[in-house]
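Let me begin by presenting the structure, written as structure tokens, before commenting on it.
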Amino acid sequence: MAHWLVKSEPKKWSWDDQVKAGKAGTYWDGVRNHSAKLNMMAMEERRPGLFYHSNEGKAVVGIVKVIKEYYPDHTDASGRFGMVDFQVVRPFKTPVTLDMIKGESALADMVLVNNSRLSVQPVKDDEWETVCRMGGL
DNA sequence: GCCAACGTTGGC
DNA sequence: GCCAACGTTGGC
């Protein structure tokens, strides 16, 4: 699996916050879900991922990349979970909304459509290309 | 180790 | 604000 999609509520962590963080990037902490954890563990440095705004916006707004691979989440007292660091790559010209994704038959199998609650998801190559094209990149 | 109860997420 | 989906917790 070549690409990823990460989700955040704009109230907690928005694209703008990610842009402000700049090259330093930010750690993607707070994940407390085993499926998401496994996906993070599979991430390789420099791999790009889609950045999705849940709840408000409900759209893929840009591309980030992994700048630090999976390591322990120091905010997790139990020590069971970890996190990765992301850095902004570039914003979409046009945000790709959930409606647009649902309306695109090539994206009918996206995890976002079928398991919207998973916060870190794999994205297939063809799905990746379709979403990027829809985003104007 | 099973399963009911509960909490959280996220679309609508 | 509601509710469905799903993950986690805790009693047995």
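Letters A, B, ... mirror the listed sequences (proteins, then strands); counts begin at 1.
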Under-3.5 Å N/O pairs linking protein and nucleotides 4-8 of chain C:
residue	atom	partner	partner atom	Å
dA5(C)	N3	Arg117(A)	NH1	2.8
dC6(C)	O4'	Arg117(A)	NH1	3.3
dC6(C)	O2	Arg117(A)	NH1	2.6
dT8(C)	OP1	Arg32(A)	O	3.3

Legend entry - Results of ring pair (Phe, Tyr, Trp, His ring centres under 6.0 Å) for Tyr27(A) - residues two or more places apart only: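 Checked Tyr27(A) against ring pair (Phe, Tyr, Trp, His ring centres under 6.0 Å); matches are His74(A).
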Legend entry - Any residue meeting ring pair (Phe, Tyr, Trp, His ring centres under 6.0 Å) with Tyr70(A), in chain and number order, not counting sequence neighbours: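 Scan of Tyr70(A) (ring pair (Phe, Tyr, Trp, His ring centres under 6.0 Å), adjacent residues dropped) gives none.
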Inset, instruction - Sort and list the pairs that fulfil ring-ring contact (aromatic ring centres under 6.0 Å, His included) and have at least one residue in residues 105-127 of chain A, not counting sequence neighbours. - result: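 Counting only pairs at least two positions apart or across chains, no ring-ring contact (aromatic ring centres under 6.0 Å, His included) contact touches residues 105-127 of chain A.
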Legend entry - Residue pairs, two or more places apart or on separate chains, that pass ring-ring contact (aromatic ring centres under 6.0 Å, His included) and touch residues 92-121 of chain A: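 Those involving residues 92-121 of chain A do not exist here.
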Pairs where [range] contributes a residue and the test side chain to side chain donor-acceptor pair (under 3.5 Å) is met, not counting sequence neighbours:
range                       : value
residues 108-118 of chain A : none
residues 84-108 of chain A  : Tyr71(A)-Asp85(A)
residues 49-66 of chain A   : Glu9(A)-Asn55(A)

Legend entry - Spacing of Leu112(A) atom CG relative to dC12(B) atom P, expressed in whole Å: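 Going from CG in Leu112(A) over to P in dC12(B) covers 10 Å.
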Inset, instruction - Grab the CD1-P distance between Ile101(A) and dC12(B) for me, whole Å please. - result: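 For the pair Ile101(A) CD1 and dC12(B) P, the rounded distance is 12 Å.
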Legend entry - Any pair counted as salt bridge (charged side-chain N to carboxylate O under 4.0 Å, His left out), so long as it reaches residues 19-28 of chain A, sequence neighbours left out: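 For residues 19-28 of chain A, and leaving out neighbouring residues, there are no salt bridge (charged side-chain N to carboxylate O under 4.0 Å, His left out) pairs at all.
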Inset, instruction - Compute the bend angle of the helix from dG1(B)-dC12(C) to dC12(B)-dG1(C) from the end axes (five pairs per end), rounded to 10°. - result: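 Computed angle between terminal axes is 10°.
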Inset, instruction - Quick one: label Leu98(A) by what it contacts on the DNA or RNA (base, sugar-phosphate, nothing), any heavy atom closer than 4.0 Å. - result: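 Result for Leu98(A) = sugar-phosphate.
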Inset, instruction - Specify the residues of residues 49-62 of chain A, ordered by number, for which at least one heavy atom lies under 4.0 angstrom from an atom of DNA chain C. - result: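 Going residue by residue through residues 49-62 of chain A, none turns out to have a heavy atom under 4.0 Å of DNA chain C.
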Inset, instruction - Any chance you could measure Lys7(A), atom NZ, to Leu112(A), atom CG, to the nearest 0.5 Å? - result: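 Rounded to the nearest 0.5 Å, the NZ-CG separation comes to 6.5 Å.
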In a table with atom names and distances, give each donor-acceptor pair under 3.5 Å that connects a side chain of residues 126-135 of chain A to protein atoms at least two apart or in another chain.
residue	atom	partner	partner atom	Å
Glu127(A)	OE1	Lys124(A)	N	3.0
Glu127(A)	OE2	Lys124(A)	NZ	3.4
Thr130(A)	OG1	Asp126(A)	O	2.8

